[in-house]
Amino acid sequence: MPEDTPPHRLHTRLSHAGRAGTHVHGFVNPAVHRGSTVLYPSMAARRGAGAHRFEQHLIYGVMGTPTHWPLENVIAEVEGGTHCQIVSSGLAAVTTPLLAYLKAGDHLLMPDSVYGPTRSFCDGMLKRYGVDTTYYDPCITAAALVPLFRPNTTVLFTESPGSHTFEVQDIPALAEVAHARGAKVLMDNTWGIHFFQPFTKGVDCSIQALTKYVVGHSDVLLGGITVNTEADWECVRTAALALGQFASPDDCWLALRGVRTMAVRLERQMASGIAVASWLRGRPEVAEILHPALPGARGHELWKRDFSGASSLFGVVFQPRYSQAGVWEFAEALELFGIGASWGGFESLALPTNGFISRTAGSGDFGGQMLRLHVGLEAVEDLTADLERAMGVLGG
Ligand SMILES: *Cc1c(COP(=O)(O)O)cnc(C)c1O
């Protein structure tokens, strides 16, 4: 595209970005290239190959193939970054950049609302390797964040909205504090997907569990790490190669298929999610809905400022009179919502969360039993009818 042409809109880019080009005989999509060994025409070519490890260049299977590259390019487009590293899972997309940016003796700031396995990684492996983690209230102001920085704080991690509790973080303000102290800003942007553009908001490295809406069909685990500068790319790419991070070409091919329809699925799922959340808000059994796109909900103002849309994952807080056993029975009584982890697929899910999330920074008490709902592609009327029927087991 000529320099002076404005960029196409997202729907157009999702159809055209990362096309395979002419090397697949004119087919629209890339082939699945499976392979470990790449043969070199000469020893000189073999010797020079390593110099291309930061490029999309065939060197050895683990460094990527023409099946990986289109997906990398589309995810970089979705996030608004320059380079993307595809890794084996969303969790690997969290742990790989943490290992890339941190070293023994460093201090890390983590939101208290962070995805559980990310917390486990910090408290277990990172601690063992000499990295100290402080958990902060995800709703912290920039001024209150300042005193949490130490001379050795090198990473501010963010996740917005937070896992299970959906706190929206003031990313631009927090990023400014971090950058003034020479720290990098990492963000788990799985919920925001293309609705939050991390690199316009001060993020240095953006993480996606592609497993969710990109794959969209609950059948592949995959992660994406996207950056926006050459220095960040060298840092992340070097760590991914050192760790032997790799994603199966078959899975990349499925994720590439998924991403082509992602914006359309998300439009529908956003609307259905808001409709189901609004319906639940009117129920006497419900104390609060944790969905930043609902006017008046926690985090709504920040969401309106920074996001162009919402995914279909949100929280329900029941009235304090309901017990954990009651909410578990409610979840079991649902027929269209499965009980299960993960989200972003075509099907609806319900997951009671009390007792499964841990907090140490004093945030996270919402005063009642909580349920996380993922709204899929089913008809809203059927979902609300299912929820209404299951409310019967709660006893009014
Ligand atoms: C699911 C999830 C991950 C991890 O993704 P996997 O592919 O399941 O490993 C990371 N962060 C968030 C916010 C998630 O919801």
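The analysis underlying the following values was restricted to heavy atoms, covering all of them including side chains, and did not include hydrogens, waters or symmetry mates. Everything quoted here is computed from the prediction, not taken from an experiment. All residue numbers in this chain count up from 1 along the given sequence. Each ligand, and each atom within it, is numbered from 1 in the order the structure gives.
Side-chain contact of Glu167 with Ser160: a donor-acceptor pair under 3.5 Å is absent, judged by distance alone. Looking only at atom types and distance, the side chain of Thr384 has no donor-acceptor partner in the side chain of Glu388 under 3.5 Å away.
Considering only residues two or more places apart in sequence or on other chains, His300 meets the ring pair (Phe, Tyr, Trp, His ring centres under 6.0 Å) condition with Trp303.
To the nearest 0.5 Å, the span separating NZ on Lys201 from OG1 on Thr158 amounts to 12.5 Å.
Ring orientation note: the planes of Phe307 and Phe196 are tilted relative to one another, at an angle of 30° to 60°. Relative orientation of the Trp343 and Tyr213 rings is perpendicular, given thresholds of 30° and 60° on the angle between their planes.
Closer than 4.0 angstrom to ligand 1 lie heavy atoms from Ser89, Gly90, Leu91, Tyr115, Glu159, Ser163, Asp188, Ala209, Thr211, Lys212, Leu221, Trp343.
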